[in-house]
A.B. asks: 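There's a structure below that I have some questions on.
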Amino acid sequence: MSEKLWIFDTTLRDGEQVPGCQLDTREKIVVAKALEELGVDILEAGFPISSPGDFNSVVEISKAVDKPIICALSRAVDKDIEVAAQALRFAKKSRIHTGIGVSGYHIQHKLRSTPEAVMEKAVRAVKLARNLVEEVEFYAEDAGRADPEFLTSIIEAVIDAGARIVNIPDTTGYCLPEQYGNIIRHLKESVSNIDQAIIATHCHNDLGLATANSLSGVLNGARQVEVTMNGIGERAGNTSLEEVVMAIRSHKEIPVYTDINTRKIYETSRIISKLMNMPIQPNKAIVGRNAFAHSSGIHQDGVLKNRENYEIMDPKDVGVEESSIVLTARSGRAALKHHLKLLGFEFDKEKLDEIYEDFLVLADAKRDIGRKDLLALLGEHIENS
Ligand code: KIV
Ligand code: ZN
């Protein structure tokens with residue numbers, strides 16, 4: 001039986017940490033509303049203690065958005081948690097996301113602390129937050145490089161203290177999919193009270209593995225994924241919402257479903273890219289300009305015979321009207337014939353071969369051939385016939 005996978009969007013918090021991406025409150029509300037329409041379940045609106053601007057954005061997003069749970073980040077520090085709760089006071093449903101570093105690196109070299117003191121702070125933070133908002137999520141920062149036994153005990157302790165979502169970040173994007181999946185499985189098997197909480201994945205993309213790691217987490221029992229639109233985020237970014245959602249939709253053997261309205265993906269991706277000033281690489285999975293563009297002759301011929309020869313998704317499912325057959329010097333006769341037909345022209349094989357010869361010369365010189373180029377080419381051939 002398929003279980004619900006909660007989509008926790010952190011575009012406005014982890015995504016917005018990227019240099020050059022900063023939005024004002026008005027722009028954040030536009031993004032938040034777009035994400036609400038897309039169907040995200042939890043919207044991480046910001047880190048209220050970090051600046052008055054961020055505090056204000058969390059307040060205004062809480063007022064503007066109705067459906068998703070509104071989440072605010074805090075460190076495991078009393079003041080952070082109190083300010084986060086203040087910022088969330090208008091949210092229809094509120095969550096504080098509090099936590100602390102749990103790896104040896106973070107405990108010794110960042111916090112200059114001890115595992116015992118970290119554990120105490122974590123429990124105290126969750127207990128405080130529990131009394132201020134509806135639900136508490138705990139993040140175990142740098143869990144991907146943490147000692148598994150310490151991770152087990154801190155997760156058990158924060159669940160006892162009242163955390164109902166436990167986030168296991170691969171903060172540095174270090175894990176391989178099998179390793180990350182094993183961490184989630186280990187927690188499922190070793191944390192005695194794990195049935196009282198949902199395990200969340202939060203993967204960074206430093207090795208290009210964020211989506212693979214998140215899916216591995218889901219296959220091993222995680223039921224919340226933390227993602228950003230277009231995968232934006234610190235350094236190489238976070239797990240892409242669109243990649244995880246479409247992988248799950250394309251693979252029925254993954255035993256979960258999401259409530260994302262996938263037909264809104266493309267539009268939402270474009271809104272966010274524009275507002276955040278973050279161009280999308282052309283070959284980006286799902287939302288890149290070339291994600292549904294076929295340019296080589298063999299592929300074009302295959303797609304024209306049957307779309308499924310080279311497409312694993314219907315572009316309409318992500319809000320792209322149709323895939324495109326791009327005319328380049330690598331295109332074959334089938335693609336040229338297709339485009340000529342779209343313009344209302346059909347030719348016998350001999351004439352098509354003739355046009356194709358000239359088309360190749362033009363395409364070598366010009367790279368991409370558009371409608372105007374094709375009409376000019378046709379003009380010459382029709383005049384000469
Ligand atoms: O990557 C990370 O560990 C984080 C936490 C603050 C959740 O973003
Ligand atoms: Zn992160």
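What you see below is based on every heavy atom in this structure, not just the backbone, and it leaves out hydrogens, waters and symmetry mates. What you are looking at is a predicted structure, and each value in this text was computed from that prediction instead of being measured. Indexing begins at 1, ligand by ligand and atom by atom, following the structure's order.
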A.B. asks: Indicate yes or no for a side-chain donor-acceptor contact from Asn230 to the backbone of Ser269 under 3.5 Å, with no hydrogens or angles considered.
C.D. replies: yes
A.B. asks: Give a yes or no on whether the backbone of Ala64 and the side-chain of Lys33 come within a donor-acceptor separation of less than 3.5 Å.
C.D. replies: yes
A.B. asks: Which ligand 1 atoms are under 4.0 Å away from a heavy-atom of His204?
C.D. replies: 1 (O)
A.B. asks: Taking the non-hydrogen atoms of Glu234, is any one of them nearer than 4.0 angstrom to ligand 1?
C.D. replies: no
A.B. asks: What protein heavy atom sits nearest atom 3 (O) of ligand 1, and how far away is it?
C.D. replies: Thr171 OG1, 2.7 Å
A.B. asks: Does Glu226 bring an N, O or S atom to within less than 2.8 Å of the Zn ion (ligand 2)?
C.D. replies: no
A.B. asks: Tell me, which protein residue and heavy-atom name are nearest atom 4 (C) of ligand 1, and how many Å apart are they?
C.D. replies: His202 NE2, 3.5 Å
A.B. asks: Mind running side chain to side chain contact (heavy atoms under 4.5 Å, CB included) on Phe345 and Phe347 for me, showing each step along the way?
C.D. replies: CA-CA 7 Å; Phe345 295 92; Phe347 297 97; 3.6 Å; yes
A.B. asks: Which of the numbered atoms in ligand 1 are under 4.0 angstrom from any heavy atom belonging to Pro169?
C.D. replies: 2 (C), 3 (O)
A.B. asks: Quick check against the 3.5 Å criterion: does Asp142 have a side-chain atom that pairs as donor or acceptor with the backbone of Thr171?
C.D. replies: no
A.B. asks: Take every heavy atom of Glu226, measure it against each atom of ligand 1, and state whether any distance is under 4.0 Å.
C.D. replies: no
A.B. asks: Give the numbers and elements of all ligand 1 atoms closer than 4.0 Å to a heavy atom of Asn167.
C.D. replies: 7 (C)
A.B. asks: Quick one: look at Arg13 and ligand 1, take heavy-atom pairs under 4.0 Å, and tell me if it's side chain, backbone, both or neither.
C.D. replies: side chain
A.B. asks: Students often mix this up, so state it plainly: with edges at 30° and 60°, are the rings of His109 and Tyr105 parallel, tilted or perpendicular?
C.D. replies: tilted
A.B. asks: On the 0 to 90° scale, with breaks at 30° and 60°, tag the His202-His204 ring pair as parallel, tilted or perpendicular.
C.D. replies: tilted
A.B. asks: Using a strict 4.0 Å cut-off to heavy atoms of Glu141, name the atoms of ligand 1 that fall inside it.
C.D. replies: 3 (O)
A.B. asks: Taking only heavy atoms of Asp14, which atoms of ligand 1 are found under 4.0 Å from at least one of them?
C.D. replies: 8 (O)
